[in-house]
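Read the numbers this way: they start at 1 and go in the same order the structure lists the ligands and their atoms. In what follows, residues are counted from 1 in the order of the sequence shown. Heavy-atom basis, side chains included; hydrogens, waters and symmetry copies ignored.
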Amino acid sequence: MDRIRIVGGEPLVGTLPISGAKNAALPLMIASLLTEETLELHNVPRLADVGLLLRILGNHGVDHSIAGKRPGQTAETGQTIRLKAGNIIDTVAPYELVSRMRASFWVLGPLLARMGEAKVSLPGGCAIGTRPVDLLLMALERLGAEIEIDAGYVLARAPKGLRGAEIAFPKVTVGGTHTALMAAVLADGTTVIENAACEPEVTDLALCLAKMGARITGAGTARIVVEGVTSLGGAEHSVLPDRIETGTYAMAVAMTGGDVLLEGAEPDLLQSALDVLVEAGAEISASNEGIRVRRNGAGLASVDVTTQPFPGFPTDLQAQLMALMTRAKGTTRIRETIFENRFMHVQELARLGARIRLDGDVAYVDGVARLKGAPVMATDLRASVSLVIAALAAEGETMVNRVYHLDRGFEALEAKLGRCGARIERISG
Ligand code: UD1
């Protein structure tokens, strides 16, 4: 298993390109199941999760091709993938594949909408709490699906097709909203999704579905209305920039000090996180090229943050913020409201010298003057990268073990940070 070795203490300076968003690319790829025509996606990040989803889609009969390199492209430039689901040959998504990536469970909605049936294994994915799928199934039931759970599989059937309905989510769910959207676009009649997720990745999916011929209004608000159509066609769409990657590297720069242009980043996608960074002492400016993050000399100030659905502070940046705050002056309070077990990075940050107390869903971080390198273990995707942030500012060497989590979500991490002056290398093994 690969490891990443980091020697801390170098400021980050330079230009760091931001990739396409993993959390948008995955549902967009899944949307290819809704049409027999070609869906061409640009700016798809080169990530393990993308490769795995291609395998899962291939199993259903989706052919794909990846465009060859163009002049000026590097390993850090997103790729163009064409997906064509001419015939769905299998409506079963097996445990061996779905258990490795939670988002692959979302094939359920489009398979059901197009084929009238689907059998999908209950999901796996990052170990961050129980993460049930009851609301996804509720949405499909509202649209007229018959759902049964048997031997770890969800069996969904809609022999007479799905029909439009009102779906009111009792809590905001990104996966639930994606599922409702992808099923409702081919349902008979009008669907109203209430308390829909407003995350930019939902809006990106809705934009792409509209290009495919879907009739959707209100994406990006809490009330989405879908007028079902009988079929969808092909489309071309570019994946939006990754706001979590942007926020992660912005925090890395705030941590080490320095001056980095996050190329291609869009501030509107993460304003709440940028506001927190400014409060903590980073200088942030936006231009056509992206977001520039600077911190020179001044110490970090502590903050008080609660994770919230978009446009609030994202849970996917909570671990990274905690890493940053280990060096802040005073006590930081971080409340996690989205996932109940998302504090697994605390023990590992402690190994680097961080002082963090947990009280239910709140973490109190008492800032320390210095961190010291140590061997640590990555436990989930965002937790892993929080260890990288801490290591960049720790004295001496940190070895981050089990980095396959990082490969699931961060494209060319060592190359991007290395180019900005970090002492970071991957050790294969
Ligand atoms: C997505 C993101 C993930 C992010 C999360 C919250 C992808 C691939 N993943 O995950 O990175 O951290 O949104 O922004 O886009 N819930 C239920 N029942 C359900 C579904 C969800 O109770 O049927 C709960 C969850 O346990 C959690 C909350 O709803 O407490 C939000 O989860 P959700 O928004 O669905 O997360 P994901 O879509 O899985």
Side-chain angles (χ1 to χ4, degrees), residues 20-31 44-45 47-50 52-53 56 98 100-109 120 122-142 147 149 154 156 167-183 193 195-205 222 239-240 242-248 269-270 272-273 306-321 335-345 361 380-386 405 408-410:
K22 170 182 87 86
N23 284 357
L26 300 178
L28 287 166
M29 291 167 66
I30 290 173
V44 179
L47 295 171
D49 273 8
V50 167
L52 181 58
L53 184 56
I56 293 171
V98 181
R100 290 169 56 190
M101 181 186 29
R102 182 181 162 83
S104 58
F105 184 76
W106 301 343
V107 298
L108 183 63
V120 179
L122 286 163
C126 277
I128 51 171
T130 43
R131 299 187 85 173
V133 292
D134 54 321
L135 300 177
L136 282 67
L137 302 184
M138 175 280 280
L140 296 175
E141 275 177 331
R142 294 286 304 150
I147 307 264
I149 299 196
V154 173
I167 301 168
F169 285 112
K171 79 197 277 192
V172 175
T173 154
V174 173
T177 308
H178 283 321
T179 298
L181 255 179
M182 286 195 273
I193 308 171
N195 200 22
C198 303
E199 267 65 6
E201 294 76 20
V202 170
T203 315
D204 208 35
L205 173 66
V239 180
L240 90 174
D242 196 317
R243 64 195 167 101
I244 303 305
E245 190 195 29
T246 306
T248 299
L269 300 178
L270 74 160
S272 59
T306 298
T307 61
Q308 297 282 0
F310 190 83
F313 187 93
T315 175
D316 285 351
L317 286 175
Q318 180 256 107
Q320 296 89 316
L321 177 69
R335 181 160 172 246
E336 171 59 58
T337 67
I338 310 291
F339 292 111
E340 79 274 21
N341 193 19
R342 203 169 208 183
F343 282 137
M344 264 108 60
H345 41 285
D361 62 0
D380 72 60
L381 177 53
R382 313 303 177 185
S384 319
V385 85
S386 78
H405 290 295
R408 288 187 43 214
F410 288 88

Selection from Leu381, Val172, Val174 by shortest heavy-atom distance to atom 31 (C) of ligand 1: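 Checking each option, the heavy atom nearest atom 31 (C) of ligand 1 is found in Val172.
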Closest to atom 20 (C) of ligand 1 (judged by heavy-atom distance), picking from Ala21, Gly409, Ala197, Pro132: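 When every heavy atom of Ala21, Gly409, Ala197, Pro132 is considered, Pro132 comes closest to atom 20 (C) of ligand 1.
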Here's a test for you: under side-chain contact (heavy atoms from CB on, under 4.5 Å), which of Ile244, Thr246, Leu240 qualifies with Leu269?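 Per the side-chain contact (heavy atoms from CB on, under 4.5 Å) rule, the option paired with Leu269 is Leu240, out of Ile244, Thr246, Leu240.
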Hey, which atoms in ligand 1 end up nearer than 4.0 Å to a heavy atom of [X]?
X	value
Arg342	12 (O)
Asp316	3 (C), 4 (C), 11 (O), 12 (O)
Arg102	39 (O)
Asn23	2 (C), 3 (C), 7 (C), 8 (C), 9 (N), 11 (O), 15 (O)
Gly175	35 (O), 38 (O)

Answer with side chain, backbone, both or neither: which part of [X] has a heavy atom less than 4.0 angstrom from an atom of ligand 1?
X	result
Met138	neither
His178	neither
Trp106	side chain

Could you state the interatomic distance from CD1 (Ile338) to CD (Gln308), rounded to the nearest 0.5 Å?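 Nearest 0.5 Å value for the CD1-CD distance: 6.5 Å.
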Residue-ligand contact Phe169/ligand 1, heavy atom below 4.0 Å: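 No, Phe169 has no heavy atom closer than 4.0 Å to ligand 1.
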Please report the shortest heavy-atom distance between [X] and [Y], naming the atom on each side.
X	Y	answer
Val98	Pro123	CG1-CA, 3.9 Å
Met29	Val50	CE-O, 3.7 Å
Ser272	Pro314	OG-CD, 4.1 Å
Gln318	Arg342	NE2-O, 3.0 Å

[X]-ligand 1 polar pair, N/O distance under 3.5 Å:
X	answer
Thr173	yes
Ile338	yes
Thr315	no

Is it true that Lys22 and Asp242 make a salt bridge, defined as a side-chain N closer than 4.0 Å to a carboxylate O?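 Salt bridge: no.
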Is any side-chain heavy atom of Leu137 closer than 4.5 Å to a side-chain heavy atom of Ile149?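 Leu137 reaches Ile149 side chain to side chain.
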Gln320-Ser386 side chain donor-acceptor pair, cut-off 3.5 Å: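 No, no side-chain donor-acceptor pair sits under 3.5 Å.
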